[in-house]
Amino acid sequence: MPTAGETAFDIQNLNCWYGDRQALFNISLSIPDRRITALIGPSGCGKSTFIRCLNRINDLIAGCRVEGQVLYKKENLYAPGIEAISIRYRIGMVFQKPNPFPKSIYDNIAYGPLIWGVKRGPQLDAIVEESLKKAAIWDEVKDKLQQNAQALSGGQQQRLCIARALAVEPEALLLDEPCSALDPIATAKIEELLLALKKTYTIVIVTHNMQQAARVSDVTGFFLLGELVEFGETGQIFTNPKDRRTEDYITGRFG
Amino acid sequence: MSLQTAALERVIVRRRYADRLFRICAVLMLLIAIGTLATLLVDVFMAGAGRLSWQFVSSFPSRKPEQAGALSAIVGTLYMMTLTALFAFPIGVASAIYLEEYARRTWYARVIEVNIANLAGVPSIIYGLLGLELFVRAMRFDRSLLSGSLTMALLVLPIIIISSREALRSVPGSLREGSYALGASRWQTIWHQVLPLAFPGILTGSILAFSRAIGEASPLITIGALTYIAFLPDSLLSPFTALPIQIFNWVSRPQAGFHVNAAAAILVLLVILLLMNAAAVYLRQRYQKRLSF
Ligand SMILES: Nc1ncnc2c1ncn2[C@@H]1O[C@H](COP(=O)(O)OP(=O)(O)O)[C@@H](O)[C@H]1O
Ligand SMILES: [Mg+2]
């Protein structure tokens, strides 16, 4: 296993189109292992498009085309013969709107392990418990594992979705604006959780909340109109941005 | 200030009138629709209820109206609908899954789509002609239960495909993404996430389609299903009759006694239809309870 901070994702000249419309232009950056990388920028600038290239979930969108290289641990995710399924097994994802399955809390977490071959029984019970603990939601749900997950509050649902992603033991976690539908308390809980998780997982988080990026991330990338304007240590981006546009954005002059 | 309030009040009052007017119109329309239906039902009921008896549902047709019964027609209808469902439901749902989840949005996928929509509007007698040529003659199934069921299956297939696609499409994309993000394959996602959610809708649409088919006489008449059957079908290739044909036959006889029989048979058909719709409602409720909170 590489040491923390080494390159996990190495992205070279990534371009992405929806039909004829180009959404990403020549993105190159490297995302460090077991660190939190934040992606900021105004809406529509391509943050989601970018993060969805990292686990090839964009493959599912008709008309979406990707060019360039995405290396994960030196392996090209877009090389012919690579199964998108196995990529998504190693690289989990959490979405903007919490999307628990309309099943019980237990079955939500168990779904991933089940489709990857774990049988129902004590081993699965242990995975469910451990995942819920890692996502800091075990204490709230341990007495109602058979209840429908959609009855949980938004913040709990989102932590459940994180637990669901962790249940297949991924190496990296992609989060696309995971807190945008949550209140400040739920947001604080998720941030705390991410800081704990980064010891084990490479985390990439899209956020439109700059305070959040400053609070949790180690490195930050600023996107604008499909281009990566600036990428560097979070401290440097927020105190001493090199690009004028970055400075304008973080000081709130546009966005 | 007070002027504004007065103006506001006038607007509110006017809206309230508009609201009430609309409601009265809507209720009137509803009464017309229900009234027509009720008149029909009462008419049939008055004519046929007296004839309904154990003798009627357990006897074979006869030349004497008071001895005739609808047994072969009832059993024929039940057999035929069961077979129709067995043929049409799996094929229809599988086609819908293919078109909705697998087929790429190419020009020929669109051609297929438009054609299915058109097929749903084709008069049922045309399906009868197709069944006559294909099943009765080309495949030599003769005027059998099998020919009738296959013809009916063709008739309901487009409706099942369309309503199943509708149900599949209503499953939110965010759930599919949630499944794919865990590394699920397309089929796993469909089987574990999409189908359970779409199932109540698929079921309702399909049962409605079968309800339509159960009252169809013309395709069966076209393939030459017999009207006088004094035995029960004992194999797929047996000749058979069904309620709509029996009704059609009785109505076209001159004797008044047969008209009463027709009304009674209509009541039997209505009861079967009601039972099917009740089953649809029950199944939908049951599955929805399990799937939502
Ligand atoms: N499924 C899609 N089909 C077509 N265009 C899309 C799709 N998703 C995003 N886009 C376009 O790509 C651009 C980038 O969108 P997105 O990556 O969602 O931005 P962000 O997440 O930064 O708000 C936008 O102009 C958006 O309209
Ligand atoms: Mg976005």
Side-chain angles (χ1 to χ4, degrees), chain A residues 19 48 51-52 54-63 83-105 107-117 144 147-152 157 160-162 164-170 173-176, chain B residues 96-114 165-204 283-293:
Chain A
S48 297
I51 201 173
R52 291 165 61 92
L54 301 185
N55 67 344
R56 283 187 49 183
I57 203 153
N58 266 343
D59 289 15
L60 301 168
I61 295 179
E83 284 283 347
I85 286 173
S86 65
I87 294 170
R88 296 185 202 129
Y89 175 63
R90 294 167 66 192
I91 303 168
M93 187 165 218
V94 174
F95 299 86
Q96 179 165 359
K97 213 173 133 255
N99 59 349
F101 303 130
K103 298 171 186 275
S104 71
I105 293 171
D107 285 340
N108 262 274
I109 311 295
Y111 178 64
L114 279 172
I115 59 173
W116 285 101
K144 46 180 181 182
Q147 274 184 24
N148 195 303
Q150 295 192 328
L152 295 172
Q157 287 187 12
L160 181 82
C161 290
I162 295 177
R164 183 174 75 186
L166 297 180
V168 293
E169 300 186 6
L173 207 51
L174 312 172
L175 303 104
D176 190 356
Chain B
I97 290 176
Y98 174 76
L99 288 171
E100 200 55 38
E101 308 281 336
Y102 285 92
R104 299 216 274 148
R105 299 273 172 270
T106 50
W107 65 267
Y108 56 83
R110 254 199 311 278
V111 169
I112 293 178
E113 213 169 300
V114 170
R165 290 189 67 181
E166 211 70 52
L168 290 170
R169 211 173 303 152
S170 69
V171 176
S174 62
L175 286 184
R176 295 165 206 256
E177 282 195 334
S179 174
Y180 287 125
L182 292 165
S185 66
R186 200 172 278 258
W187 175 245
Q188 285 169 327
T189 301
I190 292 170
W191 183 251
H192 294 290
Q193 306 297 346
V194 178
L195 271 183
L197 272 181
F199 196 64
I202 292 177
L203 211 58
T204 312
L283 288 167
R284 195 174 51 204
Q285 297 278 329
R286 206 190 117 143
Y287 279 97
Q288 267 170 355
K289 230 177 254 153
R290 195 160 67 74
L291 287 167
S292 61
F293 44 93

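Using a 4.5 Å cut-off between heavy atoms, A:Leu174 makes no contact with chain B at all. For a residue to count as touching a neighbouring chain, one of its non-hydrogen atoms must lie under 4.5 Å from one of that chain's; by this rule A:Pro170 does not touch chain B. A:Arg90 does not touch chain B: none of its heavy atoms, backbone or side chain, sits under 4.5 Å away. Of the atoms belonging to A:Ile115, heavy atoms from both backbone and side chain fall under 4.5 Å from chain B. Contact annotation for B:Arg186: only side-chain heavy atoms (C-beta onward) come within less than 4.5 Å of a heavy atom of chain A.
Not one N or O on the side chain of A:Asn99 forms a donor-acceptor pair closer than 3.5 Å with the backbone of B:Leu175. Looking at A:Trp116, its side chain does come within 3.5 Å of a backbone N or O of B:Leu182 through a donor-acceptor pair.
For B:Trp191, the CH2 atom sits in a loose shell: 12 or fewer heavy atoms of surrounding residues, nucleotides or ligands are nearer than 6.0 Å. At most 12 non-hydrogen atoms from other residues, nucleotides or ligands lie less than 6.0 angstrom from CD of A:Glu169.
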- Message: side chain to side chain contact (heavy atoms under 4.5 Å, CB included), that's the test. Do B:His192 and A:Phe101 meet it? Break it down for me.
- Response: CA-CA 10 Å; B:His192 294 290; A:Phe101 303 130; over 6 Å; no
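Counting only residues at least two apart or on different chains, the salt bridge (charged side-chain N to carboxylate O under 4.0 Å, His left out) pairs with a member in residues 174-183 of chain B are A:Arg52-B:Glu177, B:Glu101-B:Arg176.
In this structure, the side-chain contact (heavy atoms from CB on, under 4.5 Å) partners of A:Ala167, at least two apart in sequence or on a different chain, are A:Ile109, A:Pro113, A:Ile127, A:Ser131.
Atom CD1 of A:Ile85 and atom OH of B:Tyr180 lie 9.0 Å apart (nearest 0.5 Å).
Here B:Gly183 is the residue among B:Ser174, B:Gly183, B:Gly178, B:Ser185 with the most heavy-atom pairs under 4.5 Å with chain A.
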